[in-house]
Novice: 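This is the structure I have questions about; it appears just below.
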Amino acid sequence: MSQTEKVVATLQTLATGATGQATHHDIAAQIFASQGFTKLSDKYTGHATEERDFAGQFMARILDLDGQLQHEAQPAQQIFTDIKAYMQAEADISQKGIAALTPLLDHQLLDITSYDLVKAYIEDEVEDLNWTQQQLDLITLIGQQNYLTKML
């Protein structure tokens with residue numbers, strides 16, 4: 001497999017994962033809205049949009065490299081209705097994802113354009129993880145009921 005084919009395969013994996021996470025965030029946003037937590041719903045709608053934007057950028061880069069896009073199956077994810085449980089699961093997914101993505105920043109693995117794109121994606125994921133961790137810390141500090149009142 002050529003280096004370009006490896007980059008395309010990596011970008012396809014990222015596009016598939018980002019698309020799956022966007023859908024997962026859309027589902028969470030709908031659940032939070034149905035529970036009356038509009039601020040949290042808006043936040044996760046925004047997360048979904050960010051994930052879809054990155055998926056689109058990964059796909060565009062695949063096409064730039066003359067690769068072929070794939071529509072791959074995505075593994076099912078557990079659906080949470082409890083906000084704290086959802087955020088803890090999100091934090092766990094983010095931590096695992098960042099750990100898996102970080103080795104891609106080895107300059108030998110990606111061309112410079114793909115490297116910059118993956119780096120931006122990782123930075124966004126780290127920012128999302130930090131926000132989620134802050135929310136979990138806030139829930140611990142003020143209690144879930146007080147936190148939920150702020151999210152109405």
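What's counted below: heavy atoms across the whole structure, side chains too, no hydrogens, waters or symmetry copies. Given the structure is predicted, the values throughout are model-derived calculations rather than measurements.
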Novice: Write down the atom of Ala48, the atom of Asp26, and the distance for their closest heavy-atom approach.
Specialist: CB-OD1, 3.1 Å
Novice: Please check: side-chain N/O of Asp106 versus main-chain N/O of Leu109, any donor-acceptor pairing under 3.5 Å?
Specialist: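 No, because the side chain of Asp106 does not come within donor-acceptor range (under 3.5 Å) of the backbone of Leu109.
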Novice: With no hydrogens and no angle check, just 3.5 Å: does a side-chain donor-acceptor pair link Tyr121 and Glu51?
Specialist: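 Side chains of Tyr121 and Glu51: pair found under 3.5 Å.
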Novice: Please lay out, stage by stage, how Val118 and Ile122 fare under the test side chain to side chain contact (heavy atoms under 4.5 Å, CB included).
Specialist: CA-CA 6 Å; Val118 170; Ile122 292 171; 3.9 Å; yes
Novice: Go through the side-chain N and O atoms of Gln57 and Asp53 and say whether any donor and acceptor fall under 3.5 Å apart.
Specialist: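 No, because no side-chain N or O of Gln57 sits under 3.5 Å from a partner of the opposite role on Asp53.
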Novice: His25 vs His47 aromatic rings, parallel, tilted or perpendicular, using cut-offs 30° and 60°?
Specialist: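 Answer is tilted, since the angle falls between 30° and 60°.
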Novice: Are Asp137 and Thr140 linked by a side-chain donor-acceptor pair shorter than 3.5 Å?
Specialist: no
Novice: Donor-acceptor pair, distance only, cut-off 3.5 Å: does the side chain of Ser41 make one with the backbone of Phe37?
Specialist: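 No: the side chain of Ser41 does not pair with the backbone of Phe37.
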Novice: Do the non-hydrogen side-chain atoms of Ile27 and Tyr44 ever get within less than 4.5 Å of each other?
Specialist: no
Novice: Are Leu11 and Leu69 connected, step by step, through hydrophobic side chains (Ile, Leu, Val, Met, Phe, Trp, Tyr) whose heavy atoms are closer than 4.5 Å?
Specialist: yes
Novice: Between Ile79 and His24, does a side chain to side chain contact (heavy atoms under 4.5 Å, CB included) hold up when you go through it step by step?
Specialist: CA-CA 8 Å; Ile79 302 299; His24 194 64; 4.1 Å; yes
Novice: Tell me whether Lys43 is salt-bridged to Asp128, with the criterion being a basic N under 4.0 Å from an acidic carboxylate O.
Specialist: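 So Lys43 does not pair with Asp128 through a salt bridge.
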Novice: I'd like to know whether Leu14 forms a side chain to side chain contact (heavy atoms under 4.5 Å, CB included) with Leu101, so could you lay out the CA-CA distance, the side-chain angles of the two residues, the decisive distance to 0.1 Å, and finally the verdict.
Specialist: CA-CA 9 Å; Leu14 294 172; Leu101 291 171; 3.0 Å; yes
Novice: Are any of the side-chain nitrogens in Arg61 or Asp111 under 4.0 Å away from the carboxylate oxygens of its partner?
Specialist: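 Salt bridge flag = yes for Asp111 with Arg61.
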Novice: Checking side chain to side chain contact (heavy atoms under 4.5 Å, CB included) for the pair Glu90/Gln21: CA distance, chi angles, key distance, verdict?
Specialist: CA-CA 10 Å; Glu90 272 294 294; Gln21 279 304 103; 3.7 Å; yes
Novice: Would the number of heavy atoms belonging to other residues, nucleotides or ligands and lying under 6.0 Å from CD of Glu127 be above 12?
Specialist: no
Novice: Ser114 side chain to Leu110 main-chain N or O, any donor-acceptor pair under 3.5 Å?
Specialist: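 No, Ser114 side chain to Leu110 backbone: no donor-acceptor pair under 3.5 Å.
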Novice: Where do Gln77 and Gly20 come nearest, in terms of heavy atoms and distance?
Specialist: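 Closest approach of Gln77 to Gly20, heavy atoms only: NE2-O, 4.1 Å.
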Novice: Would you say the side-chain atoms of Glu5 pair up with the backbone N or O of Ser2, donor to acceptor, closer than 3.5 Å?
Specialist: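 At least one qualifying donor-acceptor pair exists.
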Novice: Is the closest side-chain donor-acceptor distance between Gln12 and Thr16 under 3.5 Å?
Specialist: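 Distance-only check passes for Gln12 and Thr16.
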Novice: Cluster question for you: counting only ILVMFWY and a side-chain heavy-atom cut-off of under 4.5 Å, with indirect links fine, are Leu105 and Ile112 together?
Specialist: yes
Novice: Do Asn146 side-chain atoms and Ile142 backbone N/O form a donor-acceptor pair below 3.5 Å?
Specialist: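 The answer is yes, because a donor-acceptor pair under 3.5 Å joins these two groups.
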Novice: Considering only heavy atoms from C-beta outward, does the side chain of Phe54 approach that of Glu125 to under 4.5 Å?
Specialist: no
Novice: Enter the distance from Gln133:CD to Leu138:CG here, rounded to the nearest 0.5 Å.
Specialist: 11.5 Å
Novice: Out of curiosity, Ile83 CD1 to Ile31 CD1, how far, rounded to the nearest 0.5 Å?
Specialist: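 Taking CD1 in Ile83 and CD1 in Ile31, the distance rounds to 10.0 Å.
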Novice: To the nearest 0.5 Å, how far apart are CG in Leu141 and CG in Leu136?
Specialist: 12.5 Å
Novice: Enter the distance from Leu40:CG to Asp42:CG here, rounded to the nearest 0.5 Å.
Specialist: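 It is 9.0 Å, given to the nearest 0.5 Å.
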Novice: Using the rule that Ile, Leu, Val, Met, Phe, Trp and Tyr join whenever any side-chain heavy atoms are under 4.5 Å apart, tell me whether Phe58 and Ile93 fall into a single cluster.
Specialist: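 As far as the 4.5 Å side-chain criterion goes, Ile93 and Phe58 are not connected within one cluster.
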Novice: Starting at CZ of Phe80, measure out to CD of Gln88 and round the result to the nearest 0.5 Å.
Specialist: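 Output value for this atom pair is 9.5 Å.
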Novice: Hey, does the side chain of Ser94 reach the backbone of Leu129 with a donor-acceptor pair shorter than 3.5 angstrom?
Specialist: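 No; judged by distance alone, with no hydrogens or angles, the pair does not exist.
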Novice: Enter the distance from Gln68:CD to Leu63:CG here, rounded to the nearest 0.5 Å.
Specialist: 9.5 Å
